[in-house]
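Small disclaimer: the values here were computed from a predicted structure and weren't measured. Numbered from 1 within each chain, the chains take letters A, B, ... in sequence-line order.
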Number of protein chains: 2
Amino acid sequence: MPAALIPKEEVLARLLEVFREYGYEGASLAVLSEATGLGRSSLYHHFPGGKEEMATSVLAYLDGLLKQALYAPLETMASPNKKLGAMLAVLDEVYDGGTKACLLERLCASAGRPVIGGPLRRSFELWLTAFETLGVDAGIPRAVARSRAEDALGRIEGALVVGAGTGNKRVFARALKDVRATLLANKETVAS
Amino acid sequence: MPAALIPKEEVLARLLEVFREYGYEGASLAVLSEATGLGRSSLYHHFPGGKEEMATSVLAYLDGLLKQALYAPLETMASPNKKLGAMLAVLDEVYDGGTKACLLERLCASAGRPVIGGPLRRSFELWLTAFETLGVDAGIPRAVARSRAEDALGRIEGALVVGAGTGNKRVFARALKDVRATLLANKETVAS
DNA sequence: GTCTATATAATGATAGAC
DNA sequence: GTCTATCATTATATAGAC
């Protein structure tokens, strides 16, 4: 039997790129095949469940990346603020300064498919829980930390959307800066 | 010749609903046909350019809705704050409290198609300019008003994404509240 | 302006050789 | 584990009757 052309993790990484650029419906097997360098049959060998299994496997692979990017910093001895800085630095890199789309957002249009919607929601929750946990670590009441986490993720996702629609990267840079300043802050807004 | 079953504006409204739920690639002619009650050939009679023309026509139709929702309030005599309240009230209704997706976001995955990307960017700009103009009306320097407009639209889009992925509507409600409080404010963030 | 019927291409998915 | 060849289905799009 022929040796694997590329490691399975590399296959997943390339599939991820396609799904996050084109979404689920837009990611045709032709494109997925070209991106991985594997023929259709090879893809079906790795993912007997077809395109849906490719998408769910990619979501599981993303969960691993999220754990690296968001949960690894949580387990260090650094201050909550430093941990947040580490998380946001990785996100800035992953989204290439706001020029690359988010897989979670691109899959939302296909959340109606049960095999997508379930894992998708779990990936959202994984991210939210990381932010929430960081807030709790910083001494913020859990309910508040949870709301802040949702708002922070919303800021990031929305900045990527506006960036994709307008080509403006500064929105994303400001979003990261704002999350940096507000997620853990004892803040109040003062009108003058 | 048979009479039109429904006015063209109603056709556009129904096409809009499909595109904003499923995105461009996910909106098949079968679904578009069913949603409008028109056969394929009737759709091609109205939109000779096929699905791409349906999408661009829907974007143009959305521009009209945006002008109603965002520019009509601008031309009233009310205070900037009242105008903002009117805008956000319409948005809250249009997105059904955060349960309906935004067409602009759902089309971003297909922005690579030139016929989509151009009009899409123009629709984003239309929205941003409305928010920016309101800020300028309120006495905010244009550059600041522009940034605030981008951030506000980002907050709204991101809240819809998080809402779609998690099923949580409160994110959207808080986003509207935050835009209400920050778009026109003389604000500063105070850490205590 | 709408319909039925059809053309043509692309899609997701399989079978079987190596 | 990968390939070529092919399947059935769905997709977009057209032709022509009424």
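Salt-bridge check for B:R146 with B:E150: passed, with a basic side-chain N closer than 4.0 Å to an acidic carboxylate O.
Rounded to whole Å, atom P of D:dA13 lies 6 Å from atom CG of B:L29. With rounding to whole Å, A:Y22 atom OH is found 18 Å from C:dG12 atom C1'. Distance A:Y44 OH to D:dT6 C1': 14 Å, rounded to the nearest Å. In this entry the distance linking NZ of B:K8 with C1' of C:dT2 reads 14 Å, nearest Å. Here the P atom of nucleotide C:dT8 and the CZ atom of B:R40 are 17 Å apart, to the nearest Å. Atom CG in A:L43 sits about 13 Å away from atom P in C:dT14, given to the nearest Å. To the nearest angstrom, P of C:dG12 lies 9 Å from CE of A:M54. Regarding B:L38, its CG atom lies at a distance of 16 Å from the P atom of D:dT12, rounded to whole Å.
Within the 4.0 angstrom heavy-atom criterion, base atoms lie near B:S42.
Listed nucleotides C:dA13, C:dT2, C:dT11 differ in distance to B:H45; the shortest reach to its side chain belongs to C:dT2.
Counting heavy atoms of neighbouring residues, nucleotides and ligands inside a 6.0 Å radius, atom OH of B:Y22 does not exceed 12 of them. The neighbour count for A:E93 CD, taken as heavy atoms of other residues, nucleotides or ligands under 6.0 Å away, does not exceed 12.
Of the two residues near DNA chain D, B:K51 and B:S41, the one whose nearest nucleotide lies more 5' is B:K51.
Looking at every heavy atom in both residues, B:H46 comes nearest to B:K8 through O-NZ, 3.2 Å.
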